[in-house]
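In this text, all values refer to a predicted model and were calculated from it rather than measured experimentally. By convention in this document, chain letters (A, B, ...) are assigned in the order of the sequence lines, proteins followed by strands, and residues within each chain are numbered from 1.
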2 protein chains.
Amino acid sequence: MPDRIPQSPSEKTVERLSLYRYLLYGILAEGERNIFSHALAAMAAVSSAQVRQDMMVLGYSGSPNQGYEVGKLIASITEFLDDGHGRNIALVGIGNLGRAILSNFSGQRSRLQIVAAFDVNWQIVNRLIHGCWCFPMEKLHGVMKEQDITLGIVTVPPAAAQVVADQLCEGGVRGILNFAPVRLRVPEDVYVSNLNITVALEKVAYFAHHGMVRVESPSREEAKV
Amino acid sequence: MPDRIPQSPSEKTVERLSLYRYLLYGILAEGERNIFSHALAAMAAVSSAQVRQDMMVLGYSGSPNQGYEVGKLIASITEFLDDGHGRNIALVGIGNLGRAILSNFSGQRSRLQIVAAFDVNWQIVNRLIHGCWCFPMEKLHGVMKEQDITLGIVTVPPAAAQVVADQLCEGGVRGILNFAPVRLRVPEDVYVSNLNITVALEKVAYFAHHGMVRVESPSREEAKV
DNA sequence: TTCTGTTTGTGAAATAACTAACAGCGTTAA
DNA sequence: TTAACGCTGTTAGTTATTTCACAAACAGAA
Ligand SMILES: NC(=O)c1ccc[n+]([C@@H]2O[C@H](COP(=O)([O-])OP(=O)(O)OC[C@H]3O[C@@H](n4cnc5c(N)ncnc54)[C@H](O)[C@@H]3O)[C@@H](O)[C@H]2O)c1
Ligand SMILES: NC(=O)c1ccc[n+]([C@@H]2O[C@H](COP(=O)([O-])OP(=O)(O)OC[C@H]3O[C@@H](n4cnc5c(N)ncnc54)[C@H](O)[C@@H]3O)[C@@H](O)[C@H]2O)c1
């Protein structure tokens, strides 16, 4: 029996699904009940074929005539992305960037919530910042266990990033979002994603001034939006 | 005559070159004069073949015996990425994230420099933040001309992002780094790159808890580092 | 000198990601 | 009732990106 291969989705697919969900909440807020692949595609700046292809990993099917039911689609993406589970996050490094991130993810009622922040600087800790309690690093392990923290965000200077990553891993973290321009060495089963703002800026600078091989055909369907 | 096709490099290649350069500065600071592709590869978390392939877009060749000369390589990447030009940047939206970015790129002596920041909030503007002067939005066009600003960073709330992008484009910007979770509509010749922190975090959450098709072979060369 | 080790540069092979194309199917309009 | 339409699911095809593999190059040892 040729069993269905599990076919775990690519990183890009997961990124797009996350984006679709965000966009769909906007649609829903505007009172729309249904949406077609090409409309969602236009908002996400991808092709409609891409949207439909991405949907294949979800169990949910749209109707050829009504398109996708926005509410159902959000539910499907949510079930796919986080199984209905919420995840608790620790942020380490309450500097400029750390604080900015706290301001966005701390108060949120979302599935992904920063429940504790940590820093070595004693002048910063033991108080609430953007609604998130800040602990000294000594408390990291204990708080992670107490709060069932499984994800970490690293916003410390590059020199401290590896040490912090080690501590997070020891605390049982399963994934890390790293803003320090350093390649973190972690156990095999810990997932790391790096977000390098400097690199992003240099990329913009390059293509802004050297031009790009532009998408030759605006591909009718995107153009008409 | 089979002329050399221009073959503009992919976005990924540019990103990696930027990263290589960053890493190479670190190498240089440690006093190393030369480096092999596999060592650089390990630091950048890519394969050595990838490194060598990326180097092909530069004019510079390493020596089979000594590897790459760090100083020369930095110079080559710099010439390739920015032609020796510095670029002046405007940041719009001096909120939590905007301030964090100012703290990193404002004081810097780098080729990429944030020379002015803008906001609609009158309580914020007309003062120095992290060494960068903050102007009211009304001054945007004038300051952009005066300071020869060609790049913009957008850190305003999603609802304001398109308006801000329009203003930047009218001011003559060539590229935009956008942190708002919105697809910006800009003229054909303006390059836009989006950095969506929420999406990045959700990707980490997904792969942390659902696992990934791990790179099956650590490919000897990476493993031995 | 000659042999040995290793590394680079590079085209070819292999993967991965995206796009095109179309069968199938409700819905609507006669 | 039937035909026409527009959209989805899906597979096949295309393009982009990465890895492989190996000739050529060079330093050092003998
Ligand atoms: N702010 C940006 O725009 C930006 C851009 C690119 C990269 N980054 C990177 O993001 C990271 C944070 O940037 P930032 O601007 O917030 O820096 P920052 O200096 O403002 O903050 C760093 C914080 O980390 C804390 N810290 C230092 N060592 C620590 C340790 N061992 N354990 C716990 N906490 C520790 C410090 O006390 C400080 O509060 C850096 O790695 C930086 O390179 C930031
Ligand atoms: N901080 C984060 O971690 C984070 C994460 C994900 C996304 N983002 C996005 O980044 C952007 C900025 O986030 P933030 O946390 O800094 O928000 P913020 O509310 O702290 O700052 C927004 C700033 O933009 C200014 N502003 C509003 N409208 C403007 C206009 N028309 N022209 C000029 N300035 C204007 C406001 O006065 C304010 O100073 C938002 O789009 C947010 O969705 C931030």
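- Under 4.0 angstrom from either OP1 or OP2 of C/dT19 there lies at least one side-chain N or O belonging to A/S47.
- Counting heavy atoms from C-beta outward, B/I153 and B/F105 have side chains that stay 4.5 Å or more apart.
- The minimum heavy-atom distance linking A/C132 with A/A117 is given by the pair SG-N, 3.7 Å.
- Contact detail for A/N88 and A/Q147: the closest heavy-atom pair is ND2-O, 2.8 Å.
- Remark: A/R52 is not in phosphate contact with C/dA21, judged by side-chain N or O atoms under 4.0 Å from OP1 or OP2.
- Below 30°, between 30° and 60°, or above 60°: for B/H210 and A/F80 the angle between ring planes is below 30°, a parallel geometry.
- OP1 or OP2 of C/dT8 sits under 4.0 Å from a side-chain N or O of B/S37.
- Residue whose closest nucleotide on DNA chain D sits further toward the 5' end, between A/G67 and A/Q53: A/G67.
- Nucleic acid contact for A/S10: sugar-phosphate only, since backbone atoms but no base atoms lie under 4.0 Å from a heavy atom of the residue.
- Atom CD of B/E69 and atom C1' of C/dT8 are 15 Å apart (whole Å).
- Contact check, A/Q50 against C/dC18: a side-chain N or O comes under 4.0 Å of OP1 or OP2.
- The separation between A/K12 atom NZ and D/dA16 atom P is 12 Å, rounded to whole Å.
- Residues A/T13 and A/N65 both approach DNA chain C. Their nearest nucleotides, taken by heavy-atom distance, put A/T13 toward the 5′ side.
- No hydrogens or angles considered: nothing links the side chains of A/T150 and A/R87 as a donor-acceptor pair under 3.5 Å.
- Between B/E11 and A/M56, it is A/M56 whose nearest contact on DNA chain D lies nearer the 5' terminus.
- In this structure, A/N34 atom CG and C/dG26 atom P are separated by 16 Å, rounded to whole Å.
- Under the 4.5 Å side-chain criterion, counting only non-hydrogen atoms from C-beta, A/L168 is in contact with A/L140.
- If you measure from atom CG of B/L40 to atom C1' of C/dT8, you get 14 Å, rounded to the nearest angstrom.
- In C/dG5 the base sits syn relative to the sugar, since the glycosidic angle is no further than 90° from 0.
- With rounding to whole Å, B/L58 atom CG is found 13 Å from C/dG9 atom C1'.
- Within the shown strands, nothing qualifies as a pairing partner of C/dG5 under the Watson-Crick or G-U definition with both distances less than 3.5 Å.
- At C/dG9, one or more side-chain N or O atoms of B/S61 fall inside 4.0 Å of OP1 or OP2 (strictly under the cut-off).
- Atom P of nucleotide D/dC5 and atom CZ of A/F36 are separated by 17 Å, given to the nearest angstrom.
- Dashed line: the shortest gap from a side-chain N or O of B/Y68 to OP1 or OP2 of C/dG9 is under 4.0 Å.
- Nucleic acid contact class of A/Q66 (heavy atoms, under 4.0 Å, all strands): none.
- Nucleotide C/dA20 has D/dT11 as its partner under the Watson-Crick or G-U criteria, with both atom distances under 3.5 Å.
- Each of A/D54 and B/G62 has a nearest nucleotide on DNA chain C; the 5'-most of these lies closest to B/G62.
- Of the listed nucleotides (C/dC18, D/dG6, D/dT19), D/dT19 has the atom at the smallest distance from the side chain of B/A49.
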